[in-house]
Amino acid sequence: MKDGTDGVQLLDVYDLLPFDNPDGGAWKQGFEIRYQGNEWDEQPLEVFLVPHSHNDPGWLKTFDRYYEDQTKHILDNMLIKLSEDSRRKMIWAEISYFSKWWNNINEEKREAVKRLVEAGQLEMVTGGWVMADEANSHYFAMLDQLMEGHQWIQRHLGVKPSTGWAVDPFGHSPSMAYLLKGAGLSHMVIQRVHYAVKKHFAQQRTLEFLWRQSWDSSPHSDITCHMMPFYSYDVPHTCGPNPAVCCQFDFHRLPGGRVFCPWRIPPQPITELNVQERSAGVRQKSRLFRSPVLMVPLGDDFRFVEASEWDAQFTNYQKLFDYFDQHPELHVKARFGTLSDYFSALSRRVATAGSTLPTVRGDFFTYADRDDHYWSGYFTSRPFYKRLDRTLEATLRATEILFSLTLAEMRRFYGGGRLAADFPAREHFGRLTAGRRSLALFQHHDAVTGTARDHVVVDYGNRLFESILNLHVVLQSSAHWLLLLDKSQYHHDQSKPFMQMVDVMSSQDALPQKTPLTLSDQPRSVMVFNPTEQLQTSVVSVLVDSPDVRVIAAETGRPMAAQISAVWAEPSRAAKDSFQVNSCSIRLLSFVYFVYFLSFNFFLFLNVSPPDAAEADAPLETFYFEMQKLRLQSGLVQRLQVQFLWYGTRTGANRDKSGAYLFLPGEEGPPLVRVSRGPVFSDITSCFRHFTHTVRLYHLEGHAGRSLEISNKVDIRSEFNRELAMRLVSDVANGNRFYSDLNGFQMQQRRTLAKLPLQANFYPMSTAAFLQDSASRLTLLAAQSQAVAALRPGELELVLDRRLQQDDNRGLGQGVTDNKLTASLFQLLLEDRRGGAKVRRRGLCEGLIDNQLPKFRPFLPLRSSLPCDVHLLNLRTLEDAQVTSGDYSHTDMLLR
């Protein structure tokens, strides 16, 4: 392990570790911890016991069911029990639950909560809407849930979180550390790290470190991080290395209760006879750290529901603390504390000693909690909802931008800060808020991960679906007013929307379908909105009811190059009443300076006379080939094949099997994919029993013409314990190294290690992965998150869907069998590195169809694109302090 100028590189740690997993004794995954007893004579051991209750916003129960059954009782008792004794403290993380509880208590209780916060007895940690997943979540959504929680805390409690608490996400990303630091946090705690890495950090006594971004050479992005050393965050695994001993400190398990210690040694009330003996476990744990300051969490999932547990825990521990105070010769000072209490003491001790914490770079994936049980399965589990998550994210961002611009333009147009009388700003802001919170809730580490029970997944899906529909209302209404030439014609009627969305969903578990455009002798207009800050060249597809159609650019009156394509009712039968118009080379101007960054383009669709019979009957020339090579204009030629393969799960009655969390594969077997190609664009389509695979090459300038579009529709509902993967095979000589993104925010180098099992070499891919050598780079961009690996040189492999009949013994109690017809979308880009590659960011377009032909005014506020290294993340309208006035006058512009 390096610990010099560059600090610890986690990639080097993985190269160093043998991953041999010897039996460590009482600490099964660790080692025996020894101490003499005089280590604290000069500097007494300072212990902070941190009470907590981890409340999953959905897992085995829905969010609302958990709240009614458990969470509201926890918070009710928290208010009573902390108020009884000023020495008692607690931390709370999930603002989604706290805000719901706050809405149901009276003003007197709210004031009591504020007093607890001001006194430091109750600390809001992290402050996110949820304890977010860090593998599948995109950084837009991670930031959204963080902002939603922080703004709620600031508005209602008047404080800002300073410490982070992430004890249950299944692996940890430096992107989250970066966002927390940017949000004003200075310290954080993590838990789910590979047991071998934990052991190594414990041996080196580097469990407290400065987490630094891999791309940052300065300490600007550093955040102090505490890694919990043992198996879990429950009481048996937090006080020390021996869970049988630590379980005796969980006084909720006193004899006679419903919860007991599985090691069959029950806890006993603290007395003078056993108090000195009970301090031994804490002393052992302290030897894993460099300073004499120790944090001991006290809690677990949904703990402190009953008042009796509060009494048992606080009363017995207070006796222990009092005993330490009465016996200074023990050299232990213990008390209840918050994370801020602990980190303040740690910083003070480190400064006094004149030392510094080591720096660490990298991420903590892929997580394993024991043996070869790697949690790489959840990178793909429930892929339908992972894609739906991104759909809501894109819809929310576009709607936020349009709504903010519309409010600003209204105030400019009417003057005096006034809005259009008929514009439902309050209702729209409510829809925006609900959309933000639905997206935020789904970032929970049992939601976007696909690791909740079936009925809970449906609940999440309904929330996402309803939010998309409501955001469409805001988007349509905002675009309606913004684009009308005569503003007096604006009238909001939700039952009769002025515009229709091109892509619509019928239910939470259905793929989007295109709205058919009925043609007549009157032209129909289609509006295309580019929500990015860059000039784009894209293809817009619209469903029409006649093949006899012409597309005209409304601004110039010139016809657009277009192609009519069949809509396939079945793999071998084309629909007779629907056709797809693909209008090519549409240039969309984006935004480029403060606020006014948006652009729309209008296109008219005209029904025209059919061509001559000879022309109409001319067949499309098609021939089949096996895709073997990609050739760039620079002369670079790269072999490329697409393969599909099945993974089974392990066999044998006593062998662990794959489930929602774990990936424990059996054998593999790759089939061959055949493709076709046409004269207008390459259209590679293969229909198999379980999936339809399409590869398309557009004949366009720019990014869209330099990449292959790969789309799959997967349906494995008839399968039993199988996982479908797509493999790209190339000649790229990348060795054992490849790169995958972390949350769409940064790229992380990966190393495929032969000493690790296959499942350990799969990593999360939120948006991108690439292989490279000195001559070329092969990049795969994804519209959804999933597992990715490069098991052999030149290969990228992605798991598309998983159907698993059994539970994997991580608490869910079921397999993953609620599969849907699921779409996945990719862009495959080959770049020549010999002369340097220049890549333009690709954006997605939002399409709107009008229901009549009004007079529009162009809304083209920008004259050039933003610099390629600047991304407009969002324009977010904030709630005014006087919310009852309905004045939404504050907007945040987020730039990356």
Side-chain angles (χ1 to χ4, degrees), residues 135-136 365-366 376-377 379-380 383 386 626-630 632 636-647 663 665 668-673 675 684 691 693-695 697 706-712 714 723-742 744 746-754 756 758-802 824-833 837 839 842:
N136 303 282
F365 293 111
T366 293
S376 50
F379 299 156
T380 299
K386 286 176 166 62
E626 180 181 340
M627 185 171 66
Q628 293 280 4
K629 296 178 180 179
L630 291 179
L632 298 184
L636 178 69
V637 178
Q638 180 61 252
R639 179 177 70 94
L640 180 67
Q641 291 181 328
V642 181
Q643 301 174 348
F644 288 84
L645 56 142
W646 289 104
Y647 283 106
F663 179 32
E668 56 172 288
L672 180 67
V673 176
V675 297
I684 310 167
F691 61 92
H693 171 66
T694 301
V695 178
L697 176 61
R706 292 198 298 267
S707 62
L708 290 172
E709 181 184 270
I710 300 177
S711 60
N712 302 305
V714 175
E723 307 185 39
L724 181 65
M726 180 177 74
R727 178 186 292 164
L728 306 176
V729 182
S730 73
D731 287 329
V732 177
N734 61 300
N736 73 330
R737 302 189 178 192
F738 74 106
Y739 295 78
S740 66
D741 76 303
L742 290 168
Q746 57 185 305
M747 301 304 295
Q748 174 66 50
Q749 185 190 121
R750 306 296 186 189
R751 296 177 186 172
T752 302
L753 301 177
L756 293 177
L758 181 147
Q759 63 269 23
N761 286 302
F762 277 83
Y763 292 93
M765 182 186 77
S766 298
T767 62
F770 68 83
L771 309 171
Q772 67 178 17
D773 56 22
S774 59
S776 62
R777 175 183 295 160
L778 187 66
T779 302
L780 189 71
L781 307 176
Q784 60 287 312
S785 60
Q786 52 213 137
V788 65
L791 301 179
R792 284 175 287 273
E795 295 185 2
L796 268 180
E797 187 169 309
L798 303 100
V799 181
L800 299 179
D801 203 355
R802 328 173 64 226
S824 56
L825 179 66
F826 308 92
Q827 289 282 334
L828 184 65
L829 179 66
L830 176 64
E831 301 167 84
D832 191 339
R833 298 190 72 205
V839 181
R842 181 178 188 273

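Partners of Ser785 according to the side-chain contact (heavy atoms from CB on, under 4.5 Å) rule, which considers only residues two or more places apart in sequence or in another chain, are Asn136, Lys386, Arg390. Legend: residues meeting side-chain contact (heavy atoms from CB on, under 4.5 Å) with Ala760, ordered by chain and number and at least two apart, are Tyr374, Leu756, Pro757. Every residue meeting the side chain to side chain donor-acceptor pair (under 3.5 Å) condition with Thr767, not counting sequence neighbours, appears here in chain and number order: Asp741. Scored by the side-chain contact (heavy atoms from CB on, under 4.5 Å) test, Ala787 finds Phe379, Thr380, Phe762, Val799 as partners (sequence neighbours excluded). Partners of Thr694 by side-chain contact (heavy atoms from CB on, under 4.5 Å), not counting sequence neighbours, listed by chain and number: Asp683, Thr685, Thr692, Ser711.
Taken from CD in Glu797 to CE in Met726, the straight-line distance is 10.0 Å, to the nearest 0.5 Å. With rounding to the nearest 0.5 Å, the separation of CG in Leu796 from OG in Ser730 is 7.5 Å. The structure places CG of Leu791 at 5.0 Å from CG of Leu758, a figure rounded to the nearest 0.5 Å. The CZ atom of Arg777 lies 4.5 Å from the CD atom of Gln772; values are rounded to the nearest 0.5 Å. Here the OG1 atom belonging to Thr779 is positioned 8.5 Å from the CG atom belonging to Leu830, to the nearest 0.5 angstrom.
Looking at heavy atoms from C-beta onward, Leu728 lies in side-chain contact with Val642 at the 4.5 angstrom threshold. Between Phe365 and Leu742, some side-chain heavy-atom pair lies under the 4.5 Å cut-off. Within the 4.5 Å cutoff, the side chain of Leu798 has heavy atoms near those of the Leu780 side chain. Side-chain contact between Leu829 and Gln827 is absent, with no heavy atoms from C-beta onward closer than 4.5 Å.
Closest non-hydrogen pair, Ser776 versus Leu636, comes out as CB-CD2, 3.6 Å. Closest non-hydrogen pair, Ala769 versus Val788, comes out as CB-CG2, 4.1 Å. The minimum heavy-atom distance linking Arg737 with Asn734 is given by the pair O-ND2, 2.8 Å. Between Ala135 and Ser766, the shortest heavy-atom contact is O-OG, 3.0 Å. In terms of heavy atoms, Tyr763 sits closest to Ser740 at CB-OG, 4.2 Å. For the residue pair Leu781 and Ala768, the shortest heavy atom distance occurs at CD2-CB, 3.7 Å.
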- Message: Walk me through whether Asn712 and Leu724 qualify under side chain to side chain contact (heavy atoms under 4.5 Å, CB included).
- Response: CA-CA 11 Å; Asn712 302 305; Leu724 181 65; over 6 Å; no
- Item | side chain to side chain contact (heavy atoms under 4.5 Å, CB included) between Arg639 and Val729, worked out | CA-CA 8 Å; Arg639 179 177 70 94; Val729 182; 3.6 Å; yes
- Message: side chain to side chain contact (heavy atoms under 4.5 Å, CB included), that's the test. Do Val695 and Leu828 meet it? Break it down for me.
- Response: CA-CA 10 Å; Val695 178; Leu828 184 65; over 6 Å; no
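Applying the ring-ring contact (aromatic ring centres under 6.0 Å, His included) definition to pairs two or more places apart or across chains, those involving residues 768-797 are Tyr739-Phe770.
Remark: side-chain polar atoms of Asn761 are paired, donor with acceptor, to backbone N or O of Leu753 under 3.5 angstrom.
If you check the side chains of Gln748 and Arg750, you find no donor sitting under 3.5 Å from an acceptor. Tyr647 and Gln759 share no donor-acceptor pair across their side chains, judged by distance under 3.5 Å alone.
When Gln784, Glu723, Gln786, His693 are each tested for a side-chain contact (heavy atoms from CB on, under 4.5 Å) with Leu800, only one passes: Gln786.
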